[in-house]
2 protein chains.
Amino acid sequence: MSNMGNQLISNVFKALAHPTRIQIVKLLRNGELCVCDILPNLDSEQSNTSQHLTVLKNQGIVESRKDGSKVIYSIKNKEVYEMIDLVEAIILRQIEETKTSLLK
Amino acid sequence: MSNMGNQLISNVFKALAHPTRIQIVKLLRNGELCVCDILPNLDSEQSNTSQHLTVLKNQGIVESRKDGSKVIYSIKNKEVYEMIDLVEAIILRQIEETKTSLLK
DNA sequence: TTATTATATTAGGAATTTCTAATATAATAA
DNA sequence: TTATTATATTAGAAATTCCTAATATAATAA
């Protein structure tokens, strides 16, 4: 009934429940990046981006290491890409459905 | 940069970002259920449960049909189960990591 | 040193989500 | 009819998330 597992699961989904955080994850698909290279690819202030990175890190989606004065982020659990692919499949099917229901 | 696709993707994750909604999805794993059979399995008021079902329905995760005075819900896009399995894999790995880091 | 670059943290307000309580609606039963 | 069962909707308060602006910290450069 009241289930801690479901709380943990929903926490991971919550970490992905923001467009900026999805964008960050997608940027890291081709490999690690320092914050300085992530920033110019987002519509988000520096401090806000830093907060989004913290959210992703707290849920184990990304990890970071220090390199001189820079901080390099990378994907920690690549399952996240399969998850995004599955969501895209759902969205595409929904769009198809909307399309065909319009044509009737 | 500002990407509508990421907004759509994050909307689906947001629909799954609540423990009660995860619980509902899990209940539907064995087949369709009326609201009356979902309710006693949740720690959630009737009206609140109804709202959660609406959230899941709006994102195409579940669908519903009417049967007499009952409303029967079922999973519409079963990818959601693969997603939950992937999240569970992430969580298990995180737990393992925590465990081994404690033992050092 | 002092300045500069890179990133994180904090505080507080704005926006959004969540829940409860009350009410509405729709189908069936009496 | 009237009552009952099943579900949805609504309004508003409480909780949470999000963003901005300011400040802090840490590393490097001058």
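Naming: A, B, ... by sequence-line order, numbering from 1 per chain.
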Separation of atom [atom1] in [X] from atom [atom2] in [N], rounded to whole Å:
| X | N | atom1 | atom2 | value |
| --- | --- | --- | --- | --- |
| B:Leu42 | D:dA6 | CG | P | 16 Å |
| B:Arg21 | C:dT18 | CZ | C1' | 9 Å |
| A:Ile38 | C:dA6 | CD1 | P | 14 Å |
| B:Asp37 | D:dT7 | CG | P | 8 Å |
| A:His18 | D:dC18 | NE2 | P | 5 Å |
| B:Asn11 | C:dT17 | CG | C1' | 13 Å |
| B:Asn58 | C:dT17 | CG | C1' | 14 Å |
| B:Glu45 | C:dT18 | CD | C1' | 13 Å |

**Asked** So what does the secondary structure string of DNA chain D come out as, 5' to 3', with Watson-Crick or wobble pairs under 3.5 angstrom, [ ] for crossing and | for pairs with another strand?
**Response** ||||||||||||||||||||||||||||||
Residues [X], [Y]: salt bridge by 4.0 Å N-O rule:
| X | Y | answer |
| --- | --- | --- |
| B:Glu63 | A:Arg93 | no |
| B:Asp85 | B:Arg29 | yes |
| B:Lys99 | B:Glu96 | yes |

Identify the two heavy atoms, one from [X] and one from [Y], that lie closest to each other, and give their separation to 0.1 Å.
| X | Y | result |
| --- | --- | --- |
| A:Ala15 | A:Arg21 | O-NE, 2.6 Å |
| B:Leu28 | B:Tyr81 | C-OH, 3.3 Å |
| A:Leu16 | A:Ile22 | O-CD1, 3.3 Å |

**Item:** Exceeds 12 heavy-atom contacts within 6.0 angstrom, atom NZ of B:Lys70
**Value:** no
Are [X] and [Y] packed together at the side-chain level, in the sense that at least one heavy-atom pair is separated by less than 4.5 angstrom?
| X | Y | answer |
| --- | --- | --- |
| B:Gln59 | A:Gln94 | no |
| B:Arg65 | B:Val71 | no |
| A:Leu86 | A:Ile90 | no |

**Item:** Distance-only donor-acceptor check, side chains A:Thr20 and A:Ser44, under 3.5 Å
**Value:** no
Output a table of nitrogen or oxygen pairs between the protein and nucleotides 8-13 of chain D separated by less than 3.5 Å.
residue, atom, partner, partner atom, Å
D:dA8, OP1, B:Tyr73, OH, 2.9
D:dA8, OP2, B:Ser50, OG, 3.1
D:dA8, N7, B:Gln46, NE2, 2.7
D:dA8, N6, B:Gln46, OE1, 3.0
D:dT10, O4, B:Gln51, NE2, 2.7

**Asked** So which one's nearest nucleotide on DNA chain C is more toward 5', B:His52 or A:Leu39?
**Response** A:Leu39
Using a cut-off of under 3.5 Å, enumerate the N/O to N/O pairs linking the protein to nucleotides 28-30 of chain D.
none

**Request:** By nearest nucleotide on DNA chain D, pick out whichever of B:Cys34 and A:Thr20 is the more 5' one.
**Result:** B:Cys34
**Prompt:** Can you check whether B:Lys14 has a side-chain N or O nearer than 4.0 Å to OP1 or OP2 of C:dT17?
**Reply:** yes
